[in-house]
2 protein chains.
Amino acid sequence: MRYPPGHRAETRARLVREGGALAKREGFARSGVDDLARVAGMTSGAFYRHFAGKDELLAAIVEAELATTRARFAAIETNEQLLFALDAYLSMTHVRNPEIGCVLPTLAAEVGRGSAETRGAFERALAEVTDVLAEKIGDRAVASAVLTQCVGAVMIARGLESEAARRAVLASARKSARALLLAGNLA
Amino acid sequence: MRYPPGHRAETRARLVREGGALAKREGFARSGVDDLARVAGMTSGAFYRHFAGKDELLAAIVEAELATTRARFAAIETNEQLLFALDAYLSMTHVRNPEIGCVLPTLAAEVGRGSAETRGAFERALAEVTDVLAEKIGDRAVASAVLTQCVGAVMIARGLESEAARRAVLASARKSARALLLAGNLA
DNA sequence: GTCTATACATTGATAGAC
DNA sequence: GTCTATCAATGTATAGAC
């Protein structure tokens, strides 16, 4: 059977995209190769034509996800938009929907247990995200701190049971992140 | 065979303690019941005399670990000690040794994917930790924000490959956490 | 390029001996 | 209370047909 040109790249991209969504929701360690392949519309046999193993997929997921995050930050032009993005990150909608949210609160801990190659890919991609954010904020240290603050808050909020407790954690983080931004070069 | 009184409780405690250390290092999902039992010096058969399943152990680990964290914070008496604890949390030693470190950066994401019971136990235990910290800092929102800031920074740092990048993330978080403390009621 | 089929290890969990 | 032995199910990964 013949396939149109670019089909291979497209299939790989689907594995990364859909597999990434599954991993963000269920956890990477808990997602089997069969599952990761199935959500992308194929079987595990086809999976291994694209990746040598699960580890390689994790690196690809992290790279693709952080590229998306970077693009989202790059689109920010005004301080108003920056504060809006902050609120969206620290929202109940984000907490409730990990599969369409940021990769950091869900998979960063698993990257830490991954291969050196995966951590290298993570480091490069995160540096770009931080750079873009630093450009908008005016201070790289503040950008990094705001990022880790938001990531920690969303992850902790997801571990909580009651809506009230989740909202409290998000509100505290929002207040603190805003204070950090004001203390930085941001007007 | 007969066992001295309290043997059962002691065995269970060992399962929670040693199993917790393993889960913090390797991840809970990646740790099998056989492994969790083995590091506590027993087999999986014995494991099920103490817990109905893996989920129950996770709840017990989270409770015990956060009780330890709470006790550590409770021992803080001066502002100097508070800043010292902050530096210790945001240290390379902590980043490099998850098995003897805080449970939050390693297992919070997995708690979020756990049962409602596990999340309930997590919420109660974390509330106590936050309360104790709020008492020392003077503001509960600041206490929560500092906590999530530190947790996020340590988790992200562990995902990075180079020592330089890790140090940069920790330094940014340290600076921001100190600023938050100064802006709060802390002298 | 993707499939089916399968190898082989490990998973969570149970039963029964001691 | 803990052990050994074992289960069915699922894990990662490979081989070969189409």
Side-chain angles (χ1 to χ4, degrees), chain A residues 1-20 22-62 107 110-111 113-118, chain B residues 1-20 22-62 107 110-111 113-118:
Chain A
M1 214 189 303
R2 292 283 301 282
Y3 292 92
H7 187 208
R8 178 176 167 81
E10 196 184 299
T11 301
R12 191 194 133 108
R14 212 167 57 240
L15 264 175
V16 173
R17 181 162 27 90
E18 304 299 332
L22 178 68
K24 286 194 288 180
R25 193 177 68 235
E26 303 287 339
F28 186 72
R30 282 170 37 150
S31 303
V33 174
D34 276 356
D35 303 320
L36 292 163
R38 189 172 33 74
V39 294
M42 69 194 76
T43 60
S44 62
F47 174 95
Y48 287 97
R49 289 278 141 189
H50 296 277
F51 298 100
K54 260 184 91 178
D55 278 2
E56 266 192 19
L57 176 64
L58 179 58
I61 287 173
V62 163
L107 297 186
E110 306 207 59
V111 170
R113 297 176 198 117
S115 67
E117 287 73 27
T118 302
Chain B
M1 214 191 301
R2 293 281 302 282
Y3 293 92
H7 187 207
R8 179 177 167 80
E10 196 184 298
T11 301
R12 191 194 133 107
R14 211 167 56 240
L15 219 30
V16 173
R17 182 161 27 90
E18 305 298 334
L22 177 68
K24 285 193 289 180
R25 194 178 64 237
E26 303 288 337
F28 186 72
R30 282 171 38 152
S31 302
V33 174
D34 277 356
D35 302 320
L36 292 163
R38 188 172 35 74
V39 295
M42 71 194 78
T43 61
S44 63
F47 174 95
Y48 287 98
R49 287 279 140 190
H50 297 277
F51 298 99
K54 260 185 92 178
D55 278 2
E56 266 192 21
L57 176 63
L58 179 57
I61 287 173
V62 164
L107 298 186
E110 305 207 59
V111 169
R113 297 178 198 115
S115 67
E117 287 72 29
T118 302

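Note on naming: letters A, B, ... go to the chains in the order of the sequence lines (proteins, then strands), and numbering restarts at 1 for each one.
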Could you state the CZ-P distance from B:Phe51 to D:dG1, rounded to the nearest angstrom?
13 Å
If only side-chain N and O atoms of A:Thr11 are considered, is one of them under 4.0 Å from the OP1 or OP2 phosphate oxygen of C:dG1?
no
Filtered N/O pairs between nucleotides 10-13 of chain D and protein, under 3.5 Å:
from: D:dT12; atom 1: OP1; to: A:Lys54; atom 2: NZ; distance (Å): 3.0
from: D:dT12; atom 1: OP2; to: A:Val33; atom 2: N; distance (Å): 2.6
from: D:dA13; atom 1: OP2; to: A:Tyr48; atom 2: OH; distance (Å): 3.0

Atom pair distance, as rounded to whole Å: CG in B:Leu58 and P in C:dG12:
13 Å
Summary of salt bridge (Lys or Arg N to Asp or Glu O under 4.0 Å) pairs that have at least one residue in residues 39-62 of chain B, sequence neighbours excluded:
none
Quickly work out the A:Leu15 CG to C:dG1 C1' distance and round it to whole Å.
12 Å
Once ring pair (Phe, Tyr, Trp, His ring centres under 6.0 Å) is applied, do any residues pair with B:Phe47, and if so which ones, sequence neighbours excluded?
B:Phe51
Check salt bridge (Lys or Arg N to Asp or Glu O under 4.0 Å) between B:Arg12 and all other residues, then give those that pass, not counting sequence neighbours.
none
Given atom CZ of A:Arg49 and atom C1' of C:dT4, what is their separation to the nearest angstrom?
14 Å
Partners of A:Arg14 by side-chain hydrogen bond (donor to acceptor under 3.5 Å, both in side chains), sequence neighbours excluded?
none
C:dT2, OP1 or OP2 - any side-chain N/O from A:Thr43 closer than 4.0 Å?
no
Which residues satisfy the salt bridge (Lys or Arg N to Asp or Glu O under 4.0 Å) test with B:Glu18, sequence neighbours excluded?
none
A:Glu110 side chain to A:Ala29 backbone, donor-acceptor under 3.5 Å
yes
